[in-house]
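Order of the sequence lines fixes the chain letters, A, B, ..., with proteins taken first and strands second; residue numbering starts at 1 for each chain.
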Amino acid sequence: MHRVVLLRRGGDAVEARELADDGTTVGVTSVAAGELPAFVAGREAEPVRWVWDDTTRWYPALLDAGVRVERCTDLRLSHAVLRRSPFADPALLAGDDAAGWDALAPVFAADQALFPLEDPADRLDPVAEHARQRAAVDAATHPGRLELLLAAESSGALVAAEMTHAGLPWRTDVHERILTELVGPRPAAGLRPPVLERLVGEIRESFRAPGLNPDSPGELLRALQGAGLQVEDTRSWNLQQLDHPGIPALLEYKKLARLLAAHGWSWLETWVREGRFRSFFVPGGVVTGRWASNGGGALSVPAQIRPAAIADDGWRFVVADVAQLEPRVLAGMSGDAAMAEAARAADLYQGMVDSGAVNTRAEAKIGMLSAMYGGTRGEGGRMMPRLTRRYPRAIGLVEDAARAGERGEVVHTLLGRGSPVPTGAWAERAVALGEAPEERDSRAERERRAWGRFTRNFVVQGTGAEWTLCWLADLRNRLWRLGSGPLAERPHLVFFLHDEVVVHTPEHLSDDVAAEVRHAAATAGRLLFGGFPVDFPLDVAVVGSWADAG
DNA sequence: CCGACCGGCGCC
DNA sequence: AAAGGGCGCCGGTCGG
């Protein structure tokens with residue numbers, strides 16, 4: 001087993017507190033702030049788990065000093081999970097500074113000092129919080145699952161910091177070439193590039209609206225209606241349906257203006273430095289347990305500019321994504337043998353067709369998406385009775401989650417992440433008055449249904465996030481073992497996007513990386529679903545540019 | 001003047 | 001009767 005060392009800031013020094021298995025303190029060492037990287041690196045020679053208030057407050061500086069750690073407990077993220085988990089007793093987390101832990105936010109400063117002057121984290125006691133969390137897990141209804149979730153969440157925090165540290169290789173010259181080919185050379189500040197300028201002229205002329213700013217939805221809507229078009233908003237999808245000679249230029253303008261605003265030259269200047277796109281990944285940033293990002297729109301890098309993500313000379317990207325993660329997770333967590341059978345195929349939707357459950361792949365896909373999102377309209381809704389007969393446990397699980405949400409109840413993922421308690425007026429009245437359906441007004445009823453769709457999706461999206469956390473955690477350690485030397489010289493993760501990872505690796509190791517990515521996926525499946533036979537096949541590509549994957 | 005919000009759209 | 005989940009981020013707009 002590993003040792004447990006809790007780090008806390010104190011003045012100019014760090015207190016390193018060695019903890020026994022039962023949480024009692026075995027010894028305390030004071031480490032000068034400047035000596036911390038060497039201290040941590042020295043202790044990493046033997047298995048150790050670091051306990052600290054918040055990975056974003058400790059790990060970036062260690063990485064900058066060239067120190068990688070194998071495992072940690074992130075008290076901030078663990079607290080957030082435990083306080084909402086139906087598996088745990090919230091009373092066991094109560095303490096004077098519980099509100100402080102509730103409110104503790106991650107830090108994103110690119111060049112943060114190790115010890116910022118005024119940090120709310122410094123008013124919290126990590127020793128006491130660690131003891132409370134241990135007690136809460138020990139007393140939980142499913143301690144093993146929660147333990148796994150907290151370990152995976154904490155490991156994700158390490159991955160996130162390492163990905164920010166490494167950055168995604170990004171070629172400014174390639175990106176600029178893409179921009180220039182699409183819109184012409186970069187204009188002076190405040191002006192539109194030539195292609196957009198030309199399109200604005202065409203749009204103003206077509207709709208007889210001199211001075212129109214097409215970036216203003218209000219102005220644009222009035223101009224369209226003034227031209228006699230029946231339209232209620234300015235969404236591209238709706239504009240596409242219209243028959244008017246000005247529409248193609250308008251759609252082209254919207255597409256290019258969007259790219260320029262979100263991922264144009266100013267994006268490059270802000271987010272790409274020294275050949276790397278650096279943004280902050282935010283583990284646990286979404287209520288379901290998915291990651292969010294901070295800065296640069298990292299989770300929505302459009303396909304248009306992905307050709308600029310190019311591996312270094314002598315290096316390659318290994319890009320891997322899970323085919324149909326969420327329906328596979330649903331099969332596993334519900335123990336639905338028929339759906340797991342369909343999931344044995346590389347293409348789960350084709351598996352559903354081959355087993356005779358549905359007629360076409362398109363039906364399978366739209367039906368499953370409807371089941372997981374709560375769609376009831378159109379073809380997806382019509383598929384539901386058939387899917388329910390064929391996959392009663394899988395469909396039953398999401399239906400139950402929807403009904404529970406509509407009753408104002410909390411639902412949870414496989415490992416115990418709980419959904420938020422609803423706060424809308426509908427939920428309070430339902431509890432207080434026990435209203436019958438016919439007594440509810442239609443707005444409250446819409447909100448109730450919307451919350452049911454949220455809880456329906458929560459259990460699947462959230463358990464999917466748990467699968468990917470386990471995948472990332474295992475992959476991270478496998479990649480470390482493939483190489484030698486500092487993190488940046490070994491194969492390492494550089495990007496993560498819900499069900500897809502990008503590994504930057506020396507070329508000669510790319511096949512090994514591809515194998516490890518698959519092994520890690522198999523490990524994640526076993527961790528979550530034990531022996532239940534549900535497969536998680538990956539699409540894996542070894543490429544020079546991210547754009548060449550998939 | 002600045003912050004909050006909105007319409008719209010990129011990703012999964 | 002109607003009924004699609006989760007994000008981040010842009011420019012525009014509006015209210016304090």
Which pairs of donor and acceptor atoms, one on a side chain in residues 277-291 of chain A, lie under 3.5 Å apart (sequence neighbours left out)?
unit_1, atom_1, unit_2, atom_2, d
A:Arg278, NH1, A:Thr164, O, 3.4
A:Arg278, NH1, A:His165, O, 2.7
A:Thr288, OG1, A:Arg290, N, 3.4
A:Thr288, OG1, A:Gln461, OE1, 2.6

What side-chain donor-acceptor pairs closer than 3.5 Å can you find for residues 78-86 of chain A, not counting sequence neighbours?
unit_1, atom_1, unit_2, atom_2, d
A:Ser78, OG, A:Asp74, O, 2.8
A:His79, ND1, A:Glu129, OE2, 2.7
A:His79, NE2, A:Asp102, OD1, 2.5
A:Arg83, NE, A:Asp102, OD1, 3.1
A:Ser85, OG, A:Phe87, N, 3.1
A:Ser85, OG, A:Gly416, O, 2.6

Below 3.5 Å, can you tabulate the donor-acceptor pairs from side chains in residues 384-392 of chain A to any protein atom, sequence neighbours excluded?
unit_1, atom_1, unit_2, atom_2, d
A:Arg386, NE, A:Ala357, O, 3.0
A:Thr388, OG1, A:Met384, O, 2.7
A:Arg390, NH2, A:Ser355, O, 2.6

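For the pair A:Glu219 (side chain) and A:Asn213 (backbone), a donor-acceptor distance under 3.5 Å is present.
Listed by first and then second residue, the salt bridge (Lys or Arg N to Asp or Glu O under 4.0 Å) pairs involving residues 297-309 of chain A amount to none (not counting sequence neighbours). For residues 181-190 of chain A, the pairs satisfying salt bridge (Lys or Arg N to Asp or Glu O under 4.0 Å) are A:Arg186-A:Glu269, with sequence neighbours left out. Within the structure, salt bridge (Lys or Arg N to Asp or Glu O under 4.0 Å) contacts touching residues 450-466 of chain A (residues at least two apart or in different chains) are A:Glu399-A:Arg456. For residues 202-230 of chain A, the pairs satisfying ring-ring contact (aromatic ring centres under 6.0 Å, His included) are A:Phe207-A:His244, with sequence neighbours left out.
Atom C1' of nucleotide B:dG8 and atom CG of A:Leu221 are separated by 13 Å, given to the nearest angstrom. We find that CG of A:Asp215 is positioned 13 Å from C1' of B:dC9, with the value rounded to whole Å. Between A:Leu220 atom CG and B:dG8 atom C1' the separation is 11 Å, expressed in whole Å. A:Trp267 has its CH2 atom 16 Å from the P atom of B:dG10, to the nearest Å. Computed from coordinates, the A:Asn213 CG to B:dG8 C1' distance equals 14 Å when rounded to whole Å. Atoms CZ (A:Phe277) and C1' (C:dC9) sit 12 Å apart, rounded to a whole Å. Remark: C1' of C:dG8 and CH2 of A:Trp291 are 16 Å apart, rounded to the nearest angstrom. Here the C1' atom of nucleotide B:dG10 and the CG atom of A:Leu497 are 11 Å apart, to the nearest Å.
Each end of the helix from B:dC1-C:dG16 to B:dC12-C:dG5 gets its own axis, taken as the rotation carrying the C1' atoms of four end pairs onto the next four within a five-pair window, and the two axes meet at 10° to the nearest 10 degrees.
Around CD of A:Glu205, the count of heavy atoms belonging to other residues, nucleotides or ligands within 6.0 Å does not exceed 12.
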Give each protein N/O atom lying under 3.5 Å from an N/O atom of nucleotides 1-5 of chain C, with the pair distance.
unit_1, atom_1, unit_2, atom_2, d
C:dA3, OP2, A:Arg377, NH1, 3.4
C:dA3, N9, A:Thr376, OG1, 3.2
C:dA3, N7, A:Thr376, OG1, 3.3
C:dG4, O3', A:Arg453, NE, 3.0
C:dG5, OP1, A:Arg453, NE, 3.0
C:dG5, OP1, A:Arg453, NH2, 3.4
C:dG5, N2, A:Arg290, NH1, 3.4

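For A:Phe495 and A:Trp546, the distance between ring centers is under 6.0 angstrom.
Remark: A:Glu409 engages A:Arg407 in a salt bridge (charged side-chain N to carboxylate O under 4.0 Å, His left out) (not counting sequence neighbours).
Comparing atom distances between the A:Ala292 side chain and each of C:dT13, C:dC7, B:dC12 picks out C:dC7 as nearest.
A salt bridge is absent between A:Glu379 and A:Arg382: the closest approach of a Lys/Arg side-chain nitrogen to an acidic carboxylate oxygen does not fall below 4.0 angstrom. Salt-bridge annotation for A:Arg192 and A:Asp215: present, with a side-chain N of the basic residue lying under 4.0 Å from a carboxylate O of the acidic one. Here A:Arg76 pairs with A:Asp54 in a salt bridge; the nearest charged N to carboxylate O distance falls below 4.0 Å.
When the nearest nucleotides of DNA chain C are assigned to A:Ala262 and A:Gly218 by heavy-atom distance, the more 5′-ward of the two goes with A:Ala262.
DNA chain C lies under 4.0 Å from no heavy atom of any residue of residues 153-171 of chain A. Shown for residues 232-260 of chain A: residues whose heavy atoms fall under 4.0 angstrom of DNA chain B, namely A:Asp233, A:Thr234, A:Arg235, A:Ser236, A:Lys254, A:Arg258.
Here A:Val460 lies out of heavy-atom contact (under 4.0 Å) with every strand. Contacts of A:Gly295 with the nucleic acid, taken as non-hydrogen atoms under 4.0 Å apart, involve only primed sugar atoms and P, OP1 or OP2. Counting any heavy atom pair closer than 4.0 Å across all strands shown, A:Gly380 reaches no nucleic acid atom.
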